[in-house]
Amino acid sequence: MNPTRVHRNSTLVPAVALALLVPSWATAQEFLGFGGVEARVGVVAPVDATTGFGASLEGDLGYMGTPWLRVVGGLDLWSADVDRQVSGSLTGVGGTFGLRFDGYNQGRLIPYLGVNLLAQSVSAEVPDDLELEELLQGFYVGAAIRGGVAYALNEVEPRTWFTGDVRRTIMNNVDRWSVELGIRYTPRGRGTYAPPTRETETD
């Protein structure tokens, strides 16, 4: 397949979904607050590129409906080398916003699933194929599905967790898999998953 025939199509569905969902989230959010922060590093495998480096920073913005359904947002960074019969490099950076469902578990291991919308700026350097370089670089909107586990360092009062995250990102010309390891800090510990009291709601 000739890489120059790859078409750049606007990914409008995630953008439209975000515009429709945010107003309803605002009214359904029972308690919006700071649930914690997570930093991860790992590897990324874009389509038609070599395995590269990936990193993410994610903030827990509160919950929607139930404390186990978290609203999350953050930053995503990745880079890899082009592998399309010519050599070059790709770098992407942007923001993410979505939902993460943490499986109910009173033990040290909590599995989770999530969906994210992404908006990213991708830069490309392909000296031997300027047409491909122009095709790959630009501003992209996409979506990702993810799953992983969080393991508490302290079972009695868990505030710090080791995390493992696997993510599949669907984005024009730069679809990719990501595998990352990191650390999550939740200042309220298991209280993060407890519904607020009346006193908390009125503060």
Heavy-atom closest pair, residues [X] and [Y]:
{"X": "A144", "Y": "R167", "result": "CB-CG, 3.9 Å"}
{"X": "T51", "Y": "A45", "result": "OG1-CB, 4.4 Å"}
{"X": "E180", "Y": "S56", "result": "OE1-OG, 2.9 Å"}
{"X": "A152", "Y": "P158", "result": "CB-CB, 3.4 Å"}

When rounded to the nearest 0.5 angstrom, what is the spacing between [atom1] in [X] and [atom2] in [Y]?
{"X": "Q137", "Y": "L135", "atom1": "CD", "atom2": "CG", "value": "9.5 Å"}
{"X": "I110", "Y": "T163", "atom1": "CD1", "atom2": "OG1", "value": "12.0 Å"}
{"X": "T192", "Y": "D60", "atom1": "OG1", "atom2": "CG", "value": "7.0 Å"}
{"X": "Q120", "Y": "T169", "atom1": "CD", "atom2": "OG1", "value": "7.0 Å"}
{"X": "L181", "Y": "F162", "atom1": "CG", "atom2": "CZ", "value": "9.5 Å"}
{"X": "S178", "Y": "D76", "atom1": "OG", "atom2": "CG", "value": "6.5 Å"}

So [Y] and [X], do their side chains get closer than 4.5 Å, heavy atoms only?
{"X": "R168", "Y": "R146", "value": "no"}
{"X": "M64", "Y": "L99", "value": "yes"}
{"X": "D165", "Y": "V179", "value": "no"}
{"X": "T186", "Y": "W161", "value": "yes"}

Verify, without hydrogens or angle tests, whether [X] (side chain) and [Y] (backbone) share a donor-acceptor contact under 3.5 angstrom.
{"X": "E133", "Y": "V126", "value": "yes"}
{"X": "R159", "Y": "P187", "value": "yes"}
{"X": "R100", "Y": "V71", "value": "no"}

For L109, does the CG atom sit with more than 12 other heavy atoms under 6.0 Å from it, leaving out its own atoms?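 Counting neighbours around CG of L109, more than 12 heavy atoms of other residues, nucleotides or ligands fall under 6.0 Å, so yes.
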
Is [X] linked to [Y] within one hydrophobic cluster, defined over Ile, Leu, Val, Met, Phe, Trp and Tyr using a side-chain heavy-atom separation of less than 4.5 Å?
{"X": "V47", "Y": "V82", "value": "no"}
{"X": "L136", "Y": "V86", "value": "yes"}
{"X": "L61", "Y": "L69", "value": "yes"}
{"X": "V43", "Y": "L77", "value": "no"}
{"X": "Y140", "Y": "V44", "value": "yes"}

salt_bridge(E58, R184) N-O dist < 4.0 Å: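 No salt bridge links E58 with R184.
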
> Could E157 and R190 be called an ion pair, given the rule that one side-chain N must be under 4.0 Å from one carboxylate O?
Replying inline: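 No, this pair does not count.
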
Using the test side chain to side chain contact (heavy atoms under 4.5 Å, CB included), find all partners of L113 that sit at least two apart in sequence or belong to another chain.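 For L113, no residue satisfies side chain to side chain contact (heavy atoms under 4.5 Å, CB included) once neighbours in sequence are set aside.
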
Got a sec, which residues hit side-chain hydrogen bond (donor to acceptor under 3.5 Å, both in side chains) with N116, two or more places apart in sequence or on another chain?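 For N116 there are no side-chain hydrogen bond (donor to acceptor under 3.5 Å, both in side chains) partners, ignoring immediate neighbours.
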
Are Y193 and W68 close enough that their ring centers fall under 6.0 Å?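 Yes, the ring centres sit under 6.0 Å apart.
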
*asked:* Working note: L117 + V141, criterion side-chain contact (heavy atoms from CB on, under 4.5 Å); need CA distance, chi angles, decisive distance, verdict.
replied: CA-CA 8 Å; L117 299 182; V141 176; over 6 Å; no

Apply side-chain contact (heavy atoms from CB on, under 4.5 Å) to the pair V93 and L75, showing each step before the final yes or no. CA-CA 7 Å; V93 61; L75 299 174; over 6 Å; no

query = Hey, mind stepping through T91 and W78 against side-chain hydrogen bond (donor to acceptor under 3.5 Å, both in side chains) and telling me if it holds?
reply = CA-CA 6 Å; T91 301; W78 61 274; over 6 Å; no

Task: Derivation of the side-chain contact (heavy atoms from CB on, under 4.5 Å) call for M171 and L118 - done: CA-CA 9 Å; M171 187 174 286; L118 303 90; 3.9 Å; yes

Cation-pi check, R70 onto F97 ring (under 6.0 Å, within 45° of axis)
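The answer is no, since R70 fails at least one limit relative to F97.
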
